[in-house]
Undergrad: 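Encoded as structure tokens, here's the structure I'll be asking about.
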Amino acid sequence: MASTFVIFGASGDLTSRKLIPSLYELFRKKKLPEKTCIVGFSRTEFSHDAWRDALAETTAKFASETFDRDIWQEFAKLIYYHPGDISNAEDFRNLSTFLEEIESGKQAARVYYLSTAPRFYEQAVQALGASGLAREQGAPRRLVVEKPFGTDLETAKRLNEVLHQVFEERQVYRIDHYLGKETVQNLLVLRFANAIFEPIWNRTYIDHVQITVAEEVKVGRRGDYYDTSGILRDMFQNHLLQLVMITAMEAPLRFEADAVRNEKVKVLDAIRPLSREQIAHQTLRGQYEGYRDEPGVDANSQTSTFAVVRLCVDNWRWQGVPFYLRSGKAMSCRTTQIVIQFREPPHMMFRQPTCGTPGANRLVIQVQPAEGIQLHFQTKVPDEGMQLRWTDLDFSYHREFSGTVPQAYERLLHDTLSGDASLFARADEVELSWGIIDPILRTWREIDVPKLLVYPPGEWGPSESTTWMHQQQREWFDACPVLH
Ligand code: BG6
């Protein structure tokens, strides 16, 4: 069956930076379904050709390594533009006629991608319903919703309700681009396609888990958005909790949307709710120096650009194993890593354990940018008696697989076109994750604990975060990845 990919909010940044370059890549790799059309819808007036030309320029920039004029010319034939306003019912009726025209009246699977400002989501969904565009009649209709999905539990629930008035849950694809990352999917493979990790992936062998998403960049031109969002909404509710779920979940029976998501949801369900008292001690928040001078940011802003949250997963596998989640802007370097810190050997018979470093193994999953996995383990230094030293088994994507690691959006867009929702968040998943984040946001706002700490850009957040970890006899794995 043919496919039509409709982008609402087509003149926005996401379309030119991610969506079109990813669709172009799929076309170049011959992974786009046959007879695919791509239609942009937004208020700006463009002719088909003017839009194609504008996209040629931006794609040449954002897919610079693989951009090829001849391939682009072929790809551009699939692209159309239809001007319209989300608040105008007539424009949706016209869009419907236009889609039927380019599909030559034949059945086509359609993907409607909401890439507008989030405040237009409800209106767009209602208009899709009212104009009959959501009706399936033998051909699938799928809706893709970009983040942020609500700003708290209440708004997320409301948005789910509106979506479900028009679409069934199986038709809804809530994007979290972290799930499109190769290394995140590889964590599923590491855990569930190898038998050696499962026996040690639990409280008996693991002391704690650290998940860090550090960014070197500051908020830049996104001050307006960021100042009303902050690090918990921007990174924790979605990306960090997704990483927790993939790390902690039980093995699904099959790699199928509901089997995978059922297991993920159980992890969120098992996360122990934090009382105000616990939030005061088990979370940290910070703001980088100079944040208040960024364009669009309030001069007295209390918004956090850094946070740490310690969570416990109350089930048999993870009882007593803390999950430390940490993320920040303006940090030392860009790195996303999941550290599985194992317990120390019960008895050390060698008299010279390595000085200073904790005597326990560590598995580091480098999600980006130095995609790979390292297992740190003790070895004997040759010719030095029984002196030991830490060394690594080191797997690097770039060494092992030539070529670049594909963009997360490539995989996700492919899955929306082929109807595989395994790597998308389900309604209950987003609601449960807001249920974890909301009380923290509320406590920070209402009783102002813990205090907002100020940190200098270019470090690992406030120094208090290091002290806090030491008080728990643990240490952050503060290492910038080595790019091969
Ligand atoms: C986005 C956030 O969802 O993820 C941004 O809104 C953040 O603030 C980005 O920079 C990080 O994504 P990645 O893929 O670069 O880690």
Side-chain angles (χ1 to χ4, degrees), residues 9 12-15 17-19 21-22 25 62-63 113-118 121 144-151 156 173-187 211-244 246 285-288 291 294-297 301 303-307 325-338 365-372 397 404-413 423-425 429-430 433-434 437 457 461 480-481 483:
D13 215 29
L14 185 75
T15 308
R17 255 183 332 110
K18 298 284 182 194
L19 304 184
S22 301
E25 273 302 287
F62 293 116
Y113 199 109
L114 296 188
S115 169
T116 62
Y121 287 175
V144 185
V145 189
E146 257 301 328
K147 72 160 272 236
F149 196 93
T151 52
Y173 291 65
R174 295 172 193 78
I175 287 249
D176 185 316
H177 76 280
Y178 265 59
L179 292 176
K181 293 184 190 284
E182 285 287 335
T183 37
V184 175
Q185 292 155 40
N186 191 47
L187 179 52
I211 301 182
T212 295
V213 183
E215 292 186 280
E216 207 176 344
V217 291
K218 301 181 178 178
V219 296
R221 287 183 300 137
R222 297 169 77 219
D224 277 334
Y225 150 76
Y226 198 88
D227 208 35
T228 56
S229 168
I231 193 85
L232 282 190
R233 290 192 178 93
D234 190 50
M235 298 298 287
F236 280 67
Q237 179 272 329
N238 35 60
H239 310 323
L240 276 104
L241 285 178
Q242 285 294 344
L243 297 179
V244 171
I246 304 279
R285 58 184 179 131
Q287 188 184 77
Y288 65 80
Y291 170 73
E294 302 275 14
V297 171
S301 173
T303 300
S304 307
T305 59
F306 169 92
L325 277 49
R326 171 175 69 156
S327 182
K329 299 266 187 215
M331 305 268 283
S332 291
C333 55
R334 175 172 181 250
T335 179
T336 297
Q337 53 200 14
I338 302 172
I365 294 142
Q366 302 278 2
V367 174
Q368 63 185 20
E371 291 87 353
Y397 263 79
T404 50
V405 176
Q407 289 275 331
Y409 272 89
E410 241 175 274
R411 169 67 192 255
L412 296 177
L413 298 192
L423 299 176
F424 294 82
E429 208 172 313
V430 284
S433 55
W434 276 119
I437 297 303
C480 287
L483 295 168

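Residues take their numbers from the sequence shown, with the count starting at 1. Counting starts at 1 for both ligands and their atoms, in listed order.
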Undergrad: Taking any residue with a non-hydrogen atom under 4.0 angstrom from an atom of ligand 1, which ones do you get?
TA: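 Residues K147, H177, Y178, K181, E215, R222, D234, M235, H239, K329, R334, Q368 each place a heavy atom under 4.0 Å from ligand 1, listed by chain and number.
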
Undergrad: Please state whether the rings of H177 and Y409 are parallel, tilted or perpendicular, taking 30° and 60° as the class boundaries.
TA: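 Taking Y409 first and then H177, their aromatic rings lie parallel (interplane angle under 30°).
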
Undergrad: Less than 3.5 Å apart, any donor N or O on the side chain of Y121 or E146 sitting next to an acceptor on the other?
TA: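 Judged by distance alone, the side chains do not pair up.
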
Undergrad: Is there a side-chain contact between I231 and T305 in this structure, where contact means two heavy atoms from C-beta onward sitting under 4.5 Å apart?
TA: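 A side-chain contact under 4.5 Å is absent here.
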
Undergrad: Let me see the working for V297 and Q287 under side-chain contact (heavy atoms from CB on, under 4.5 Å), right down to the final yes or no.
TA: CA-CA 12 Å; V297 171; Q287 188 184 77; over 6 Å; no

Undergrad: Could you pull out all residues at least two apart from R233 that satisfy side-chain hydrogen bond (donor to acceptor under 3.5 Å, both in side chains)?
TA: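 Expected list: none.
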
Undergrad: If the test is side chain to side chain contact (heavy atoms under 4.5 Å, CB included), which one of V145, L412, D176, L179 qualifies with F424?
TA: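 Among the candidates, only L412 passes.
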
